[in-house]
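What follows is one structure encoded as structure tokens, with my remarks underneath.
Chain naming here is simple, since letters A, B, ... match the order of the sequence lines and numbering starts at 1 in each. If you're wondering where the values come from, they're calculated on a predicted model, not measured in any experiment.
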Protein chains: 2
Amino acid sequence: MSKRPAPAKSELEIARIVWKLGGATVRQVLDELPPERGLDFKTVQTYLRRLEAKGYLKTHREGRSNVYRPTVRPGKVIGEVMDDLVKSLFDGEVLSLFQHFVRDRGLSADEVQKLRQLLDQAERESQ
Amino acid sequence: MSKRPAPAKSELEIARIVWKLGGATVRQVLDELPPERGLDFKTVQTYLRRLEAKGYLKTHREGRSNVYRPTVRPGKVIGEVMDDLVKSLFDGEVLSLFQHFVRDRGLSADEVQKLRQLLDQAERESQ
DNA sequence: CTTGACGGCGTACAATTGAACGCTATGATG
DNA sequence: CATCATAGCGTTCAATTGTACGCCGTCAAG
């Protein structure tokens with residue numbers, strides 16, 4: 001059960017692109033990044049290598065490039081990151097997190113409405 | 001407008017205690033930490049000093065101890081941290097974050113109900 | 001074939017983070 | 001008063017993170 005090291009923030013940014021593409025080379029990830037992000041090829045390469053080392057991606061050779069692909073469901077990774085954050089910022093109470101958004105930060109009417117829909121839907125599906 | 005450096009995770013843990021107490025000495029923070037956390041006095045001291053350096057706390061002498069107290073509203077700090085996270089993990093879409101909880105992670109019936117209440121209340125207050 | 005571009009792999013390197021030590025001043029106690 | 005514990009302040013130190021460079025092999029174009 002020895003946990004993988006948590007992904008760093010920049011790593012997550014990269015991982016999300018790999019998830020979106022299902023699998024990708026350094027170049028493909030780089031092309032997918034907003035240009036104003038201004039990351040170097042080698043930098044992206046490093047992040048991908050690190051994600052592999054941490055166990056979030058696996059790689060296999062394809063031609064002269066490495067193709068990286070996910071080994072863990074995105075939802076699971078995001079879940080781990082969020083749980084950790086909720087634990088350290090909201091005493092593990094998801095509701096406190098929601099409270100922050102609804103009360104402190106404030107949601108737009110549109111967001112509120114969409115959130116209601118989400119809840120209705122989840123309820124219908126789960127009963 | 002030069003932003004304060006974001007608080008690190010351990011720092012936030014400490015800051016939350018200061019917020020809860022309204023102001024605190026190293027010793028008071030230490031006493032408030034769960035004992036299994038196992039942090040040393042000096043370590044807590046370091047985190048408090050760092051929070052001060054980053055501009056989240058100010059300190060003044062009281063007897064032989066320093067009392068640290070907040071300089072920024074907790075909601076604001078949490079807001080900054082959350083915004084950053086939502087940006088890097090959900091493309092800045094708060095709704096995607098909610099989606100993660102409602103769909104992927106799943107909320108208990110109780111949590112759903114409480115969340116609905118939050119929404120109702122917010123709506124009533126804001127119109 | 002030679003050359004140049006591209007990519008892999010190892011390495012670098014400063015900043016930040018997590019955690020704590022040592023020296024020193026000071027206030028409480030025998 | 002002498003001693004001891006406590007707290008401050010400056011420092012340390014390894015690990016992680018953000019970002020990238022250099023060397024080396026290979027494939028494609030002249």
Could you give the start and end, 5' to 3', of the contact zone on DNA chain D for chain A, using atoms under 4.0 Å from its heavy atoms?
D:dT17 to D:dC23
How about [X] and [Y]: do any of their side-chain heavy atoms sit closer than 4.5 Å?
X	Y	answer
B:L48	B:V18	yes
B:R105	A:I78	no
A:L97	B:L97	yes

Atom NZ of A:K58: over 12 foreign heavy atoms under 6.0 Å
yes
Contact string for nucleotides 7-20 of chain C, one letter per nucleotide 5' to 3', B = base within protein heavy-atom range under 4.0 Å, S = sugar-phosphate only, - = neither, reads SBBBBB----BBBB
Any donor-acceptor pair under 3.5 Å linking the side chain of B:T46 with the backbone of B:K42?
yes
Hey, does the side chain of A:Q28 reach the backbone of A:T25 with a donor-acceptor pair shorter than 3.5 angstrom?
yes
ring-ring contact (aromatic ring centres under 6.0 Å, His included): pairs with one or both residues in residues 55-90 of chain A, sequence neighbours excluded:
none
